[in-house]
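Here is the structure we will look at.
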Amino acid sequence: DVEARIKKASQAFGAMRSKIFGYADIPERLKGKVYAGGVLAVLLYGCESWCLTAESVPTIRIWKKKRVREMCRVTMCQTFVHRITSESLQKRTGVFSLEHYLASRTLLWAGHVARMHKNRLPKRLMLSWIQEPRVTGGQEMTYGRSLQRHLNHFDLPTVFTEWAHLAQDRAGWHKLVTAPPFAIGKPFVRQPRGDTRVTPEDKRRAVVQRAAEIAERRAVFDANNNN
């Protein structure tokens, strides 16, 4: 299912690559909004019921980071040379980490189920328990363990009676599980191409600065040779 969602999301991203994501004059914050509302919606469709293993999460995370770098027109070489972090790209585009979106969508659905009547089938399935012994060796990922991991992401209580009580307030629960992990700040605005031209004054200032640096280095070199 993960590979199928990545394929669908790649098709959605490719359909908007030339007109939106690959266009240099479109603000990166606007690209991030389109990406979060369109591409991520396709990628994470149905993730509320997923039980992602340790092998599945990196696959989706790598794909997402590649698309964010492509929106910012940043290559892997530039990321390595200039030490561009994923958090800096997230602030430029307004797109948060994969874990944030997975936790937010899952907890929104969990809160909806918690507000249901106890006789409703989704709530009965969430609170059910299979009376069978555990298998030998490592345990498979379950929905309960995934839900606990998502609750820890937002620093919420993991006991059902505690977080279910918070989920009864629909507006308050929505605010808790959709809070951004950090302040995005002002949007990153790319300067127009005409403003990047070097003026004659800037050229003269650069020549003077370069000459001063050369003279300083030459003085240090001569002092070392004399010693």
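Keep in mind that the numbers below use all heavy atoms, side chains included, and drop hydrogens, waters and symmetry copies. The chain is numbered in sequence order, starting from 1.
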Can you get from V68 to I20 by hopping between Ile, Leu, Val, Met, Phe, Trp and Tyr side chains that sit under 4.5 Å apart?
-> yes
Side-chain donor/acceptor of H117 to backbone N/O of N119, under 3.5 Å | yes
Output yes when E99 and R149 qualify as a salt bridge under the 4.0 Å nitrogen-oxygen rule, no when they do not.
-> no
Y45, L102: one ILVMFWY side-chain cluster at the under-4.5 Å cut-off?
-> no
Any donor-acceptor pair under 3.5 Å linking the side chain of W173 with the backbone of H112?
-> no
Do you reckon M71 sits in the same ILVMFWY cluster as I84, going by side-chain contacts under 4.5 Å, direct or chained?
-> yes
Any side-chain heavy atom of K31 within less than 4.5 Å of one from V95?
-> no
Flag the pair R17 and E70 as a salt bridge only when some basic side-chain nitrogen lies within less than 4.0 angstrom of an acidic carboxylate oxygen.
-> yes
Non-hydrogen atoms of R5 and V42 that approach each other most closely = NH2-O, 2.8 Å
Quiz item: cation-pi between R67 and W63, 6.0 Å / 45° | yes
Non-hydrogen side-chain atoms of L107 and L147 separated by less than 4.5 Å | yes
Side chain S88, main chain T85, donor-acceptor under 3.5 Å = yes
Set of residues satisfying salt bridge (charged side-chain N to carboxylate O under 4.0 Å, His left out) with respect to E162, sequence neighbours excluded | none
M76 CE to K65 NZ distance, which is reported to the nearest 0.5 Å = 9.5 Å
Under a single-linkage definition using a 4.5 Å side-chain heavy-atom cutoff for Ile, Leu, Val, Met, Phe, Trp and Tyr, are F13 and I62 assigned to the same hydrophobic cluster?
-> no
ILVMFWY cluster, V159 and L151 together (side-chain gap under 4.5 Å) = no
Does the side chain of K7 reach to within under 4.5 Å of the side chain of E3, using non-hydrogen atoms?
-> no
Plane angle bin for F21 and Y35 - parallel if under 30°, tilted between 30 and 60°, otherwise perpendicular = perpendicular
Do you know the tightest heavy-atom contact between A36 and Y101?
-> CB-OH, 4.3 Å
Residues in side-chain contact (heavy atoms from CB on, under 4.5 Å) contact with E201, at least two apart in sequence or another chain | T199, R204, R205
Correct closest heavy-atom pair for H100 and A179 would be CE1-O, 3.0 Å
Atom NE2 of H174 with >12 non-hydrogen neighbours under 6.0 angstrom = no
Sidechain-backbone polar pair: E213 side chain, R210 backbone, donor-acceptor under 3.5 Å = no
Side chains of W109 and S49: do they bring a donor and an acceptor to under 3.5 Å?
-> no
Taking the side chain from S104 and the backbone from V177, do they hold a donor-acceptor pair closer than 3.5 Å?
-> yes
Shortest non-hydrogen pair, M16 vs V39, comes out as CE-CG2, 3.9 Å
Could I get the full list of ring-ring contact (aromatic ring centres under 6.0 Å, His included) partners for Y23, not counting sequence neighbours?
-> none
In this structure, are over 12 heavy atoms from other groups packed under 6.0 Å from K123 atom NZ?
-> yes
Taking all atoms of both residues into account, what is the closest heavy-atom pair of R92 and R29, and its distance?
-> O-NE, 3.5 Å
